S.K.: 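This is the structure I want to talk about, given as structure tokens.
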Protein chains: 2
Amino acid sequence: MLTFLYLTSIFHPMSTVPPFSNTLSGELTSTLRDAIITGEIPQGAKLSETKLSQELDVSRGPLREAIRRLEGMNLIQHIPQQGARVVTLSMELVLQLYETREALESKAVALAAINMTSQEIDQLHRLIDAQSKHMRENSGAFIPAESDYAFHETIIRGSKNKVIEQALLRELYNLIKMFRYQHEFARNSTTNSLIEHRQIVYAIEQRDPELAEVTMRRHIVHARERIQRRMSASSAA
Amino acid sequence: MLTFLYLTSIFHPMSTVPPFSNTLSGELTSTLRDAIITGEIPQGAKLSETKLSQELDVSRGPLREAIRRLEGMNLIQHIPQQGARVVTLSMELVLQLYETREALESKAVALAAINMTSQEIDQLHRLIDAQSKHMRENSGAFIPAESDYAFHETIIRGSKNKVIEQALLRELYNLIKMFRYQHEFARNSTTNSLIEHRQIVYAIEQRDPELAEVTMRRHIVHARERIQRRMSASSAA
DNA sequence: AATGGCATAAATGTTGACATTTTTGTATCT
DNA sequence: AGATACAAAAATGTCAACATTTATGCCATT
């Protein structure tokens, strides 16, 4: 039933992250990653090697390697002699993700305020302008998720700290994207987010690490609180 | 030449981290991890699948899986069609490691001040007492690395945040241990560290997250500055 | 009817061989 | 002598079969 996975991996909007191409096991990694993020393979589902290898028409070797990599990205959990399961995003885990993101990304933006090039700051302006334009032209008050990710990824890369970048983009953000993609209420950002984005860019522009840090911290805490409210309001998934 | 690796993986003091047992590829993961941390397989060395499989007398399948896992722990870097190399700890990377550790572990201790059980706090006291005893009885002014790791790991686990715990213990600490193990000057902690450890435990005991956070942040910044001084003084490895 | 054990089936772990790509070394040409 | 091109060798990527462990389902027993 997963025959359309190859299309997903190429066209899907989720794929801002490295495509792992060149090798079959790399392709499989991207394919499965996107299928997990979108929920095409649902949370808690077992990744049966035999079934997947038949459906995707590959041998089990590369598949196992892809699974090991996804394990490293925290998208799946592997129990020896039992197999791999897609991670389940409990409310507890999501809140912990945002706590961790707060710690890492506030540090990232502080470093970005020091290390970003002016070209990268220009890029932030372009993204914000696009977000602003989108809001004006579409009645609704939402930033598309893709644009929001681009904004945050630009800052994270601008920190020039490869360790933080890796921790955020390779481990945390996949899980956050998975959560937001699978929960309609979390999929888009509010109008407040745009204001906060402006504040963050202002602080970076001023080369003020402390201001950038507290602004980003507040931005993420707000997001977490919004999630917390809406999750306890509706069903706690 | 790596025939003694199995012994290393069992007896080596580095192994406070999960042993990955039960399965051959899990054993290989632990074995290679420890060999990398200790420098038995040196930085930048190529992990040749054919050679390793001969020396360790295993087939390449499990070996490749172990390598994928070590990739996820940031201990090795893999380039498709070219193979895997042990990461090289440049001065830049080490400083970035400590920046990241500062962000994560200061958050961890703030959470630990809220979430730690009294049993866990007792454990911290026992560790500090042992460290104190060790310093009194041995002329030198050093905390053994193992005891220092145990202290920090107890706090990290005490945060009850699995995401932070994973990021620190599975990704960062292996690299930090690798660095400290391979640089004599970084192997042990100074007398100041013990004082700072006491301050951290005090803050946790008072259930004061903010105090705990700034205390831990300073502790790690001090460690980073010490490293920075000594590395620029001697050779920049 | 429910439980326990046994046999079968299926899944994961492991292996060795095959395919393809990259590297290495040699020979030739300028 | 240096550089380029080709050929051989070695390494990584992939596959299919085998081994071992775990899960399933049936039968017998209480």
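It should be emphasised that the depicted structure is a prediction, and the values quoted were computed from it without experimental measurement.
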S.K.: Report the C-alpha separation of B:Glu55 and B:Lys51 in whole Å, then their side-chain angles, then the decisive distance to 0.1 Å, and conclude whether the salt bridge (Lys or Arg N to Asp or Glu O under 4.0 Å) test is met.
M.R.: CA-CA 6 Å; B:Glu55 290 173 0; B:Lys51 280 184 191 167; over 6 Å; no
S.K.: For A:Ser25 and A:Arg64, which I'm curious about, is there any donor-acceptor pair between the side chains at under 3.5 Å?
M.R.: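 Judged by distance alone, the side chains do not pair up.
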S.K.: Identify the residue among B:Val86, B:Ile76, B:Asn174, B:Val87 that makes a side-chain contact (heavy atoms from CB on, under 4.5 Å) with B:Leu70.
M.R.: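 When side-chain contact (heavy atoms from CB on, under 4.5 Å) is applied between B:Leu70 and each of B:Val86, B:Ile76, B:Asn174, B:Val87, only B:Ile76 qualifies.
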S.K.: To the nearest Å, give me how far apart CG (A:Leu63) and C1' (D:dG13) are.
M.R.: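 Whole-Å distance recorded here is 14 Å.
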S.K.: For this output row, return yes or no: ring centroids of B:His219 and B:His152 closer than 6.0 angstrom.
M.R.: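 Here the rings of B:His152 and B:His219 have centres that are less than 6.0 Å from each other.
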S.K.: Between C1' on D:dT14 and CG on A:Leu52, what's the gap in Å once rounded to a whole number?
M.R.: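 Rounded to the whole Å, the gap is 17 Å.
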S.K.: Tell me the salt bridge (Lys or Arg N to Asp or Glu O under 4.0 Å) pairs involving residues 72-101 of chain A, sequence neighbours left out?
M.R.: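 Found A:Arg101-A:Glu105.
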S.K.: Please evaluate residues B:Glu171 and A:Arg170 with respect to the criterion salt bridge (Lys or Arg N to Asp or Glu O under 4.0 Å), reporting the C-alpha separation (whole Å), side-chain torsions for both, the decisive distance (0.1 Å), and the verdict.
M.R.: CA-CA 12 Å; B:Glu171 269 118 59; A:Arg170 219 200 65 191; 5.3 Å; no
S.K.: Through what angle, rounded to 10 degrees, does the axis of the helix from C:dA1-D:dT30 to C:dT30-D:dA1 turn between its ends, using five pairs per end?
M.R.: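 The value is 10°.
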S.K.: Show the numbers, then the answer: is there a salt bridge (Lys or Arg N to Asp or Glu O under 4.0 Å) between B:Arg68 and B:Glu65?
M.R.: CA-CA 5 Å; B:Arg68 291 299 98 78; B:Glu65 293 199 22; over 6 Å; no
S.K.: For nucleotides 12-19 of chain C, just jot down a letter per nucleotide in 5' to 3' order: B, S or -, based on protein non-hydrogen atoms under 4.0 Å.
M.R.: BBBB----
S.K.: Have B:Ser48 and B:Thr50 got a donor and an acceptor in their side chains that come within less than 3.5 Å?
M.R.: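 Side-chain D/A pair, B:Ser48 to B:Thr50: present.
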